[in-house]
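Just below is one structure, and these are the notes that go with it.
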Amino acid sequence: MNDTAPRRQLLITDGMVLQSADPAAVPKRLDVLIDDGVISAIGTDLRQRLVAADTEVLDGTDKLIIPGMINSHYHSHDTLAKGTLEEEPLEFWRLLALPPQYPKRSREEIKVRTLIGAYECLRSGMTTVQDMVTLFPFDPDHLDAVVEAYEEIGIRACIGLQYADIKGISTIPFWEEVFPKELHGGLSTAAEPDKKTDQLAYLEERYLNAPARDRVNWALGPSAPERCTPELIQRTIALAEKYDLPIFTHIYESKGMALQARREYPQYGGSLIKRLHAEGMLGPRLNLAHSVWLLNEEIELLAETGTNVVMNLLSNLKLKSGIPPIREIERAGLSFGLGCDNSSCSDAQNIFQAMKLFALMAAVSDAEPGPDQSTFAFRAATEGGAHALLRDDDLGSIDVGYRGDVVLMDLTDPSYIPFNNVVRQLVYVESGRAVSSVVVDGRVVIKNGALQTMDAAELRARVDAVLPGFMADFETVKARTEKLRPYLLEAHRRIWGEDVGMNRIFTGV
Ligand SMILES: [Zn+2]
């Protein structure tokens, strides 16, 4: 062994390796060698290259080996609320589930909720998660807890703190008119202005200026353009360019957001996309979550500027937002990723559900038969997610020089018997049941279904310990929101009575 020898190596032997989402790629029986977190060789008989002091061999027999998948839009802040709600319009749901409605949480609750969300992602074959987390009121110690959680459980995370400087109530059509004035102070959205702490300054000083971490990276998360002043957008662009960071924001999730743009930005033709273009924010580092109510001319502008989209069909349906213009986005050649979004409205952190729903919704988005949607879905979950994170050159594929993020799927599972078409079976048949082992940065994080980095039973006990406190607050928030339902419904119906130049929901007419 010499100075240049790797310190740690993982060899996966005799797996059926699917290197990428390229339609021409077919699984081949190969070994994959990962040195110090980076794939160093793909071939046969690689055992003789095991030279490090710390080596591990994972048997890939009867396993399909695929690139680790990427959850490109997710929020760890409400994982404790999974399964609590039925369908609700987006604007109702925000008042039920999002942090500004709740008292300050404990550090332990922040940590535990981040861990359980990450665990669910890992068990579904996601090796990277983009967490657009809201910490409200902001506490530096809470951000440290999020970082700690991701580092301890071993998933790759790109954290984008969610921030805004315009109050939510003034960005939703009709709310200020419909709600009595005395209720205005209690109405909030995804992120609210936080005057006490300058989150971006803290982030820069504490993390962006610090040495890079192995698996935790950073993005910027302006909550939504309508909740950010032009000054905050400029600050975001400058910081992103200085540290070469991706930017994630919400755009046109609901009809109310499209209507608000029509009313609020006459100088930009009623378009948030044109506003962002004028402000210099469109481009490859920007990712627009949801994009349900995009107009075709806006899609063209995104294509011209290389701006990306992240689709979240699961939450778009449950929150009655509608179906994004999938086929138009594909035709325009936009790069896009897939997200599982909030646990309180999606509710599963399951990329297989997200891929299948995407492919099926694409099918009903155009009467004419189109290209293979399973290919689009799998590419979005892998290469599309990597592109969103500015990581085309080391995530989303299995190749020499790429990070060692791979998933071993059990080919003895009935989902693969018979084994006819790898990508179609991953997208249309697989539920997540066959996810066997998960490797992140060359470390085995899940082995034969079992979490390796921490005691799963202990994690469950920690969730059980914080849950009563969370549920007591959840019930209080729910009871308070229920009293607001007549006002919420009135504003909702007024929004639906307006014309924004398109329709994105099935109404039976
Ligand atoms: Zn979101």
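Counting convention: from 1, in listed order, for ligands and their atoms alike.
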Total protein N, O or S atoms, the Zn ion (ligand 1), separation less than 2.8 Å: 3
Residue of the set T114, L161, L115 for which side chain to side chain contact (heavy atoms under 4.5 Å, CB included) holds with V146: T114
Full working for side chain to side chain donor-acceptor pair (under 3.5 Å) between E298 and S271: CA-CA 8 Å; E298 293 178 314; S271 164; 2.6 Å; yes
Set of residues satisfying ring-ring contact (aromatic ring centres under 6.0 Å, His included) with respect to F470, sequence neighbours excluded: Y102
Give every donor-acceptor pair under 3.5 Å between a side-chain atom in residues 374-382 and any protein atom, sequence neighbours left out.
| unit_1 | atom_1 | unit_2 | atom_2 | d |
| --- | --- | --- | --- | --- |
| T382 | OG1 | F378 | O | 2.7 |
| T382 | OG1 | R379 | O | 3.4 |

Contacts of type salt bridge (charged side-chain N to carboxylate O under 4.0 Å, His left out), residue R227, not counting sequence neighbours: none
Aromatic ring pairing H290/H250, orientation class (parallel under 30°, perpendicular over 60°, tilted between): parallel
